[in-house]
*Asks:* 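Please see the structure below; I have some questions.
Reminder, nothing fancy here: chain letters follow the sequence lines and each chain counts from 1.
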2 protein chains.
Amino acid sequence: MVATLKDVAERAGVSRSAVSRAFTDGASVSAKMRKRVEKAASELGFSPNVLASSLTTGRTKLIGLVSNNFHNPIFLEVFDLFTRALQDQGLRPLLVNLTDETDPANSVRMLRQYSVDGVVVASSTLPPAFGKAFRDSGVPVVHAFGRVTSAPEVHVVGIDNIDAGRIAAQTLIARGYRHVAFMGGPEVATSTQDRLKGFLQELSLHPQIRVSMSFARAYSFEAGRAEMQDLLWRDHAEAYFCGDDVLSIGALSAIQDRQLSVPEDIGIIGLNDMEIAGWHNINLTTIRQPIKEIVTSSIELITAMLREPARLPEARIFACQIVERGTLRPINTTAVT
Amino acid sequence: MVATLKDVAERAGVSRSAVSRAFTDGASVSAKMRKRVEKAASELGFSPNVLASSLTTGRTKLIGLVSNNFHNPIFLEVFDLFTRALQDQGLRPLLVNLTDETDPANSVRMLRQYSVDGVVVASSTLPPAFGKAFRDSGVPVVHAFGRVTSAPEVHVVGIDNIDAGRIAAQTLIARGYRHVAFMGGPEVATSTQDRLKGFLQELSLHPQIRVSMSFARAYSFEAGRAEMQDLLWRDHAEAYFCGDDVLSIGALSAIQDRQLSVPEDIGIIGLNDMEIAGWHNINLTTIRQPIKEIVTSSIELITAMLREPARLPEARIFACQIVERGTLRPINTTAVT
DNA sequence: ATATTTTTTGCAACCGATTGCAATCGCTTC
DNA sequence: GAAGCGATTGCAATCGGTTGCAAAAAATAT
């Protein structure tokens with residue numbers, strides 16, 4: 001059906017090795033040989049089978065793109081960036097959806113069957129066990145949006161969630177709120193824990209500010225909405241730092257339903273700065289996670305690992321910045337004491 | 001590094017063929033042989049290399065998942081469904097981002113290098129040339145969310161956009177609007193043309209209703225917003241059928257900015273019913289595109305093609321249903337004449 | 001002109017699996 | 001106990017490439 005190396009060799013009247021070399025740069029081929037081979041190849045519409053060559057070279061140029069975040073719109077942006085960046089490097093993303101997978105061993109087996117050259121785990125909620133399992137099986141791994149620690153077991157690139165919590169607290173403090181709260185995602189997620197930690201840490205410097213906390217059952221709109229509905233029944237705070245943007249928007253919807261206004265009655269600050277947060281009818285004040293930089297850096301690390309597999313695990317941390325929009329009162333308004 | 005078939009064969013003291021057969025079901029192996037091989041295999045942590053076997057079997061179990069819709073949130077839902085459905089069939093999605101690719105030949109070459117077993121094009125805006133190019137190169141193709149015609153050149157599964165336009169018109173008519181409008185995506189997209197066609201077709205039966213139309217420069221929030229801002233300066237209609245949900249939300253934001261209220265002053269109906277449309281602070285009335293059914297059906301077709309490559313191209317059309325939410329006035333309210 | 005060095009090319013083995021064919025095995029039957 | 005038979009197993013070729021090595025060709029030196 002489709003032309004193979006052998007067909008090209010025959011048509012050009014040269015050996016198969018010659019053809020192979022004509023297609024690998026850096027190989028020892030004369031200019032006229034290359035020309036000749038290329039002619040035959042284009043006549044036959046030949047292009048070498050990466051998978052066959054992977055057998056001898058050991059490289060498939062396949063990168064496992066592993067995630068379980070198929071419900072958070074920001075991950076569409078992440079996938080867009082990853083696929084394009086990989087394509088630019090001549091690599092191909094093999095997409096793996098781990099939404100209802102709990103056993104790392106399965107994923108490892110699967111990715112090994114396809115002998116991927118590397119794996120990038122793109123998730124803020126996937127347990128570190130997955131990353132480790134990949135690494136243990138000898139595949140280069142980078143965990144994007146993972147938990148950064150001082151002694152990473154695999155490459156990690158992301159933000160400092162503790163610091164993000166701190167920034168959120170500072171932001172709320174600077175705006176004079178006297179009763180603030182943390183509304184996190186599921187308590188088990190390490191990102192949730194870290195953000196809370198930073199938040200509380202900073203607030204402990206301001207003992208006069210009242211602080212409370214609660215946790216939504218998922219990082220989703222409905223969960224955020226339900227949680228805020230609950231809170232509104234009880235004694236609600238003046239401002240909330242929500243686990244992420246989706247959660248924030250859910251909370252906003254609950255607030256609006258109760259005819260309360262934002263930011264006058266209640267302030268909200270999210271985290272991520274997904275595209276939707278900037279939509280004018282959402283207009284969410286949020287802490288921006290620099291996803292472009294995180295993706296670029298992750299790709300950089302994975303390609304570095306391909307060149308130098310023994311490279312030691314490294315953590316790359318990016319700073320977050322607050323993006324002011326309309327869900328927090330302005331900084332010059334101070335609360336009446 | 002990782003165990004191969006040969007290692008297992010040596011360890012079990014059998015031939016390589018025996019090992020191979022032990023791992024392919026339907027092969028001629030005795031029970032005790034299989035047991036013996038499996039023991040050795042599990043001791044070595046062996047699992048067969050799909051890529052190597054693809055050389056002889058001609059199947060990689062790789063499916064190219066090709067799209068250029070990496071900015072429409074509904075496609076995250078689509079990717080989620082596709083990846084899971086493919087995984088359930090033991091197939092692997094090789095993700096291809098065609099956002100800034102214009103030449104089908106490049107994509108074809110790329111996918112052939114990886115000898116994918118099939119390609120699913122998931123896009124409502126990608127020119128049909130891509131689908132055809134894949135088919136011409138001998139790869140099974142199904143175009144999901146593509147334009148359905150009576151004489152499809154490749155398998156297509158999607159909705160009848162003309163009918164969707166018609167439904168939109170009927171919906172607006174039933175609610176007594178006297179001046180309705182179509183606000184499409186880019187005029188070149190066939191989906192836009194078809195939706196407009198159906199819309200006008202239906203309205204031509206009601207000559208007393210005034211109808212106008214315009215086109216946003218992209219299927220995006222900003223484009224929808226900008227277009228509606230323009231429209232509001234001029235003579236705006238009572239209700240708009242927007243090209244899709246994202247466009248609709250952009251339009252909504254412009255309307256809200258002008259202190260006009262929805263659905264009292266202006267009605268909006270979208271198309272897609274992406275998750276966000278149901279968020280309570282958006283609450284968009286829209287025409288639901290049955291993405292789950294489209295995905296399932298696409299996968300069905302692609303696997304059918306794997307079994308029977310000569311199968312003739314087929315079009316599968318799903319009906320759309322309107323999802324009532326809050327951006328259109330209720331059906332019993334008739335306009336004052 | 002020949003001798004020497006450097007490039008280019010082809011041969012053949014190999015990557016990790018599958019598979020047609022023939023040899024072998026275990027049983028049944030006479 | 002020998003013949004006959006179907007079910008297993010191993011041999012060896014093959015899939016589409018790559019690559020070490022040695023032979024051939026070209027370039028350079030003498």
Side-chain angles (χ1 to χ4, degrees), chain A residues 1-38 40-41 44-62 109-117 138, chain B residues 1-38 40-41 44-62 90 109-117 137-138:
Chain A
M1 187 83 225
V2 349
T4 77
L5 185 117
K6 193 170 140 209
D7 303 327
V8 177
E10 280 166 6
R11 173 165 256 250
V14 299
S15 74
R16 286 153 62 229
S17 347
V19 179
S20 170
R21 283 190 266 253
F23 276 92
T24 61
D25 37 27
S28 163
V29 217
S30 67
K32 61 186 74 108
M33 170 65 93
R34 170 163 274 139
K35 194 119 298 176
R36 199 165 151 192
V37 169
E38 275 170 358
L44 267 54
F46 166 82
S47 67
N49 182 328
V50 189
L51 268 23
S53 69
S54 84
L55 261 190
T56 40
T57 60
R59 314 207 86 87
T60 52
K61 299 181 170 194
L62 246 30
R109 181 152 29 77
M110 188 260 111
L111 285 167
R112 279 242 320 258
Q113 290 187 334
Y114 283 91
S115 42
V116 296
D117 288 349
Chain B
M1 187 85 226
V2 350
T4 77
L5 185 118
K6 192 171 141 213
D7 303 328
V8 178
E10 280 166 4
R11 169 148 219 171
V14 299
S15 75
R16 286 151 65 230
S17 347
V19 179
S20 171
R21 284 190 265 254
F23 276 91
T24 61
D25 35 28
S28 162
V29 216
S30 67
K32 60 187 73 112
M33 170 64 93
R34 170 162 274 139
K35 194 120 298 177
R36 200 166 150 190
V37 170
E38 274 170 358
L44 266 53
F46 166 82
S47 66
N49 182 328
V50 188
L51 268 22
S53 68
S54 85
L55 260 190
T56 41
T57 60
R59 315 207 84 89
T60 52
K61 298 180 171 196
L62 246 29
R109 180 151 29 77
M110 190 259 111
L111 285 167
R112 281 242 320 257
Q113 290 187 333
Y114 282 91
S115 42
V116 295
D117 288 349
S137 83

*Asks:* Under 4.0 Å between any heavy atoms, over every strand shown, what does S54(B) touch: base, sugar-phosphate, or nothing? Just pick one.
*Replies:* nothing
*Asks:* Which residues satisfy the side-chain contact (heavy atoms from CB on, under 4.5 Å) test with S47(B), sequence neighbours excluded?
*Replies:* R109(A), Q113(A)
*Asks:* Using only side-chain N and O atoms of T57(B), determine if any of them is under 4.0 Å from OP1 or OP2 of dA17(C).
*Replies:* no
*Asks:* When the distance from NZ of K32(A) to P of dT8(C) is rounded to whole Å, what number comes out?
*Replies:* 9 Å
*Asks:* Earliest and latest nucleotide of DNA chain D, 5' to 3', sitting under 4.0 Å from a non-hydrogen atom of chain B?
*Replies:*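 Result: dT8(D) to dG16(D).
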*Asks:* Where along residues 5-17 of chain A does a heavy atom come under 4.0 Å from DNA chain D, residue by residue in number order?
*Replies:* L5(A), R16(A), S17(A)
*Asks:* Under the side chain to side chain donor-acceptor pair (under 3.5 Å) rule, collect the residues that match up with R36(B), sequence neighbours excluded.
*Replies:* none
*Asks:* Go through residues 110-117 of chain B and report each residue with a non-hydrogen atom lying under 4.0 Å from DNA chain D, sorted by number.
*Replies:* none
*Asks:* When we call it a touch if two heavy atoms are under 4.0 Å apart, what does S30(B) touch: a base, just sugar-phosphate, or nothing?
*Replies:*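 If one applies the 4.0 Å heavy-atom cut-off, S30(B) turns out to touch the sugar-phosphate alone, with no base involved.
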*Asks:* Applying salt bridge (charged side-chain N to carboxylate O under 4.0 Å, His left out), which residue pairs with at least one partner in residues 17-34 of chain B are found, sequence neighbours left out?
*Replies:* none
*Asks:* Without decimals, in angstroms, what is the distance between M33(B) CE and dG26(C) P?
*Replies:* 12 Å
*Asks:* Which part of the nucleic acid does T4(A) contact within heavy-atom distance under 4.0 Å: base, sugar-phosphate only, or nothing?
*Replies:* sugar-phosphate
*Asks:* Could you tell me which residues satisfy ring pair (Phe, Tyr, Trp, His ring centres under 6.0 Å) with Y114(B), sequence neighbours excluded, listed by chain and number?
*Replies:* none
*Asks:* What residues form a side-chain contact (heavy atoms from CB on, under 4.5 Å) with K6(A), not counting sequence neighbours?
*Replies:* T4(A), E10(A), R16(A)
*Asks:* Side chains of F23(B) and L5(B): does their closest heavy-atom pair fall under 4.5 Å?
*Replies:*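 No, their side chains stay 4.5 Å or more apart.
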*Asks:* Using a cut-off of 4.0 Å on non-hydrogen atoms, how would the nucleic acid contact of V19(B) be classed: base, sugar-phosphate, or nothing?
*Replies:* nothing
*Asks:* Could you tell me which residues satisfy side chain to side chain donor-acceptor pair (under 3.5 Å) with R112(B), sequence neighbours excluded, listed by chain and number?
*Replies:* none
*Asks:* Using the side chain to side chain donor-acceptor pair (under 3.5 Å) criterion, which residues pair with R59(B)? Sequence neighbours excluded.
*Replies:*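 R59(B): no side chain to side chain donor-acceptor pair (under 3.5 Å) contacts found.
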*Asks:* List in chain and number order the residues that pass side-chain contact (heavy atoms from CB on, under 4.5 Å) with T60(A), two or more places apart in sequence or in another chain; answer none if no residue qualifies.
*Replies:*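 Testing T60(A) for side-chain contact (heavy atoms from CB on, under 4.5 Å), a comparison that skips the adjacent residues, returns S54(A), L62(A), S115(A), D117(A), L51(B).
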*Asks:* Touch check for F46(A), heavy atoms < 4.0 angstrom, all strands: base, sugar-phosphate only, or nothing?
*Replies:* sugar-phosphate
*Asks:* Looking at every non-hydrogen atom in both residues, tell me the closest pair between F46(B) and A3(B) and how far apart they are.
*Replies:*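 For F46(B) and A3(B), the tightest heavy-atom pair comes out as CD1-O, 3.3 Å.
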*Asks:* Using the side-chain contact (heavy atoms from CB on, under 4.5 Å) criterion, which residues pair with T24(A)? Sequence neighbours excluded.
*Replies:*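 Listed in chain order: A27(A).
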